[in-house]
Amino acid sequence: MGSIVEKKVEGNLPSQKWFKNWKVITLSTISIITLILAAICYYQATHFNTNIRINGVEIGGMTADQAFEKLQTSVLSNEIYVGDQQIVDGKDTKMEFANDDLQEVKRHLKDQWSFLPSFKEKEYTLTPNQQDQYRGETLKNELEQKLTSMNQSLTAPVHAHASLVQGEIVVSKSVDGTQYDVARLLGDFEKHGYTSEIHLNPIYLLPFKEDSEKVKKEEQKLQELLQHSVEYKVQDTVHTLSGSELIKNATISEDLKVSIDPSTIQSKIAEINDTQSTLGKDFSFKTHSGSIISVKGQGYGWALDVEKETLQIHAAFEKGETSISASTIHGNGWSGEGYGYETTANNGIGDTYAEVSIAEQRIWIYKAGQLVLTTNVVTGKHSTGEDTSPGVWYILFKRTPYTLKGSAVGKADYSVPVSYWAPFTNSGQGFHDAGWRTNWSSTAYLTAGSGGCINVTPSVMIAVYDHLSVHQPVVVY
């Protein structure tokens, strides 16, 4: 029984020869598969997959060298579209790739590699190492010029902005426009791939909105303006000029510079000028006898140049200055000067002056409030209307000696030498010695007076001359 079983078992086993053949077949199959896989792997490593593009050029199935050659011979139409609209039709050019750009093609080949062939679409971008002059400069300039030209017929956006209207901060509403944002579109152009057609998404200039940071800064700037004040000094008086009171209307530029409507400021300066100036006004004057009289300012007196002072205050508010002094003064002086601005004592005349009484035919000269000289004089001839002009004047200049030239009623032009001359009116009236005069009586002026000047005896005139100073007030009444 045992032997029969053994034979059966042996009969079920493959022959040794079959095992040997099977092994050979198996090894051959594995070798073939390995070779196939190796071939596939090699192909995949040296060829682009199907549906691969570089700069929009189909290079599927090509080696790196083949793809590079195709790229070098590909034509760029250089058409630029913004949205669906073609706005630039550039000239046709070839892609300007140099040999050193081949490495980038090989890099893309490596990047897209897959063990098995892939049909997945992929788009790669390749830019020449050396700039394409036409693409990078000429075409870009054409795009900029075209966009700028188009914008001229398109609607600009309206920015929201803050302004001061009748003392209140008001923010206007923004309005969208249709103009292109040229700078941003040029930026997108520079970032665009090196493709035949250039498609840019429309980008429009946007207005600043009501809640934008810029508008908030404008509001803050205006609020600071309203809270600002300028200390304005006129003589020894300081006026506090408040922005909330004087600035009713103002606008702000793009660089946050304030532009103020100066009309209210001008009204305030005019008010200060009316209150403090002395030009053309009556001076209250205490005579040598103690009586108080009113004498009109003539050559002497000052006033603010309201327009120029307004500009100064206006600039102080815009620049944020906190204190300034009046600087533009005018008057009826020899060259339009205004005298007496620095003087506040004695109702603006000061304590150093010359007093002339026509009725008494006498003068008094004071220095620092003290009488230093008094003497009889002869003033302008009353009978011919050549009276010495009443008013508050000032010494224009002093000369020694001097030749008086002019004309008088009933006399031809004259030329008279004098030892001392101190004029106080622009018309030529002044103090001088009169050695030719014989009538020095207190009534001589009525019919035998001067041509308008104040005649002083030669013996006293030297002292009068010495006690008079340039710009010193002369009060004639």
Side-chain angles (χ1 to χ4, degrees), residues 278 280-301 332 339-340 343 345-367 369-396 404 406 408-411 418 420-465 467-469 472-477:
T278 59
K281 294 182 179 179
D282 291 340
F283 285 83
S284 180
F285 178 71
K286 185 177 182 180
T287 69
H288 66 282
S289 64
S291 61
I292 305 298
I293 62 174
S294 181
V295 185
K296 186 175 182 60
Q298 297 288 359
Y300 184 83
N332 292 330
Y339 290 101
T343 304
N346 193 19
N347 297 314
I349 293 177
D351 298 324
T352 297
Y353 57 90
E355 176 184 350
V356 180
S357 171
I358 294 176
E360 297 181 54
Q361 289 292 285
R362 193 169 186 84
I363 64 171
W364 298 261
I365 299 178
Y366 292 83
K367 279 191 175 182
Q370 300 297 315
L371 178 65
V372 294
L373 185 150
T374 182
T375 184
N376 292 328
V377 294
V378 174
T379 62
K381 187 176 180 181
H382 179 69
S383 61
T384 55
E386 296 175 275
D387 304 84
T388 301
S389 301
V392 182
W393 307 90
Y394 73 94
I395 300 298
L396 301 178
L404 300 176
V409 176
K411 296 180 181 179
V418 295
Y420 302 98
W421 169 238
F424 55 80
T425 74
N426 293 346
S427 61
Q429 296 180 2
F431 298 93
H432 65 79
D433 50 293
W436 58 88
R437 176 172 291 281
T438 58
N439 184 356
W440 293 95
S441 70
S442 60
T443 59
Y445 79 100
L446 293 174
T447 58
S450 70
C453 288
I454 297 175
N455 289 176
V456 182
T457 57
S459 60
V460 179
M461 183 59 204
I462 185 172
V464 170
Y465 186 85
H467 287 307
L468 294 174
S469 57
Q472 174 180 325
V474 177
V475 183
V476 181
Y477 61 91

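- Annotation: side chain of Phe424 is in contact with side chain of Val476 (closest heavy-atom distance under 4.5 Å).
- By the 4.5 Å heavy-atom criterion applied to side chains, Ile363 and Thr375 are counted as neighbours.
- With rounding to the nearest 0.5 angstrom, the OG1 atom of Thr343 is 9.0 Å from the CG atom of Asp351.
- With sequence neighbours left out, the side-chain hydrogen bond (donor to acceptor under 3.5 Å, both in side chains) criterion links Ser357 to no other residue.
- The two residues Gly449 and Val378 have their closest heavy-atom pair at CA-CG1, 4.0 Å.
- The ring-ring contact (aromatic ring centres under 6.0 Å, His included) search around His467 returns none, not counting sequence neighbours.
- In this structure Tyr366 satisfies the ring-ring contact (aromatic ring centres under 6.0 Å, His included) test together with Tyr353, sequence neighbours excluded.
- Using a 4.5 Å heavy-atom threshold, the side chains of Gln429 and Ser389 count as touching.
- Contacts of Thr438 classified as side-chain hydrogen bond (donor to acceptor under 3.5 Å, both in side chains), with partners at least two apart in sequence or in another chain: none.
- In this structure, the side chains of Val392 and Tyr339 stay at 4.5 Å or more apart for every pair of heavy atoms.
- Partners of Gln361 under the side-chain hydrogen bond (donor to acceptor under 3.5 Å, both in side chains) rule, at least two apart in sequence or in another chain, are Thr379.
- Asp282 pairs by the side-chain contact (heavy atoms from CB on, under 4.5 Å) definition with Ser294, Lys296, not counting sequence neighbours.
- The side-chain contact (heavy atoms from CB on, under 4.5 Å) test applied to Gln472 returns Thr352, Ala354, Ile365, Ile395, Leu468, Ser469, not counting sequence neighbours.
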**Q.** Chi angles and distances behind the side chain to side chain contact (heavy atoms under 4.5 Å, CB included) call for Asn347, Thr278
**A.** CA-CA 9 Å; Asn347 297 314; Thr278 59; over 6 Å; no

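- Ser383 meets the side-chain contact (heavy atoms from CB on, under 4.5 Å) test with Lys381, Thr447; sequence neighbours excluded.
- Tyr445 pairs by the ring-ring contact (aromatic ring centres under 6.0 Å, His included) definition with nothing, not counting sequence neighbours.
- Side-chain atoms of Phe285 and Thr287, non-hydrogen and from C-beta on, do get closer than 4.5 Å to each other.
- Residues satisfying the side-chain hydrogen bond (donor to acceptor under 3.5 Å, both in side chains) test with Trp421, not counting sequence neighbours, are none.
- With sequence neighbours excluded, the residues satisfying side-chain contact (heavy atoms from CB on, under 4.5 Å) with Asn376 are Arg362.
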Expected list for residues 452-461: side-chain donor-acceptor pairs under 3.5 angstrom, two or more places apart:
from: Asn455; atom 1: OD1; to: Arg437; atom 2: NE; distance (Å): 3.1
from: Asn455; atom 1: OD1; to: Arg437; atom 2: NH2; distance (Å): 3.2
from: Asn455; atom 1: ND2; to: His432; atom 2: NE2; distance (Å): 3.3

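- Side-chain contact check for Val475 versus Tyr300: every heavy-atom pair is 4.5 Å or farther apart.
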Open item on the list: What verdict does the side chain to side chain contact (heavy atoms under 4.5 Å, CB included) test give for Trp393 and Asn332, after you've listed the backbone C-alpha separation in whole Å, the side-chain angles of each residue and the deciding distance to 0.1 Å?
Closed with: CA-CA 9 Å; Trp393 307 90; Asn332 292 330; over 6 Å; no

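- Summarising the geometry of Ala463 relative to Leu373, their closest heavy-atom pair is CB-CD1, 3.5 Å, with the distance given to 0.1 Å.
- Judged by distance alone, the side chain of Asp433 and the main-chain N or O of Tyr420 form a donor-acceptor pair under 3.5 Å.
- Thr388 and Ile358 get closest at one heavy-atom pair: O-CD1, 3.4 Å.
- Considering NE2 of His288 and OG1 of Thr374, their distance stands at 7.5 Å, rounded to 0.5 Å.
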